[in-house]
Amino acid sequence: MSIQREDLLRSILDANEVYASAFAQADPALLKKLAKGQSPRICWLGCSDSRVSAELSTGVAPGSIFVHRNVAQCFHEGDLSAAAALSYAVNVLQVEAIIVCGHTGCGGVKAAMMAAQDEKANGPATPANEHERIVSKWISPIKDLALTQLEANSSNGELRDHKHENGCSHGGAEYDCLSATALGELTDKHVAETVKAVAESQIVTEAWKEGRQLSVHGWVYHVATARLRDLDIGWKGVGIPADSLSRPGSFAGSETSEHLVASDDEA
């Protein structure tokens with residue numbers, strides 16, 4: 001029998017009591033410091049997915065990372081929530097680095113690929129309800145990336161129904177559009193586009209014009225291994241690439257291996 005909702009909430013409050021007591025005993029000085037304010041050096045734009053925690057995945061202490069999360073870590077033009085978070089991080093907190101972090105098994109990325117597949121096969125779809133309208137508008141930029149990816153991987157443009165075969169024709173062989181490899185490719189492209197959007201935002205470019213030491217980076221979190229991968233697509237100034245943070249010969253060199261993402265479940 002699943003735990004009742006009220007019991008679940010009570011268990012969280014009980015766990016907080018344990019956490020608070022342990023925190024106070026282990027590091028009372030940090031608690032006092034946090035009570036006075038925050039001075040994080042990093043801003044994190046990540047996905048709302050429950051499996052990807054900025055603090056847990058990086059092993060940092062509370063107060064180290066200023067976090068903004070939304071579905072599929074998007075930075076859309078006109079999104080006041082993301083813009084406000086970025087502006088506060090850059091102009092008030094004076095962070096030194098901005099990390100756009102995607103992850104494997106992202107439900108938003110998969111939905112975008114499926115929407116692209118349907119659109120390529122049947123033309124633009126009309127949302128059937130408010131939920132579909134909201135989601136389709138939010139993931140539209142990712143869908144556009146997916147359409148480009150499908151074009152590149154489909155020699156004759158013929159797509160098959162994702163409900164049945166999850167693939168498209170590719171030089172006589174099936175291109176599995178919903179495979180971990182295909183979705184991983186789309187995730188990387190989306191992170192790269194989001195990094196570009198953040199780096200080109202007025203908030204960041206003005207900080208660079210003022211001589212601020214600020215960099216923007218693109219990472220991907222692999223849920224099956226709990227490891228982070230730097231995509232080497234960052235910037236530390238207008239037209240100035242950020243220093244490479246990848247680790248050759250380790251995890252960074254094996255990010256396309258199917259076994260690393262095959263067991264990830266979609267958000």
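When a residue number appears, it is its place in the shown sequence, counting from 1.
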Side-chain donor or acceptor of Asn153 paired with backbone N/O of Gln149 under 3.5 Å: yes
Parallel, tilted or perpendicular, as decided by the 30° and 60° cut-offs, for the rings of Tyr88 and Phe66: tilted
Parallel, tilted or perpendicular: ring planes of Tyr19 versus Phe23, cut at 30 and 60 degrees: perpendicular
Ion pair Glu130/Arg133, N-O distance below 4.0 Å: yes
Residues Glu193, Lys189: salt bridge by 4.0 Å N-O rule: no
What's the separation between atom [atom1] in [X] and atom [atom2] in [Y], rounded to the nearest 0.5 Å?
{"X": "Leu150", "Y": "Leu145", "atom1": "CG", "atom2": "CG", "result": "11.0 Å"}
{"X": "Cys74", "Y": "Arg69", "atom1": "SG", "atom2": "CZ", "result": "14.0 Å"}
{"X": "Cys101", "Y": "Leu228", "atom1": "SG", "atom2": "CG", "result": "5.5 Å"}
{"X": "Leu45", "Y": "Asn70", "atom1": "CG", "atom2": "CG", "result": "6.0 Å"}
{"X": "Glu77", "Y": "Glu200", "atom1": "CD", "atom2": "CD", "result": "11.5 Å"}
{"X": "Lys196", "Y": "Ser201", "atom1": "NZ", "atom2": "OG", "result": "11.5 Å"}

Donor + acceptor pair across side chains of Ser246, Ser244 (<3.5 Å): yes
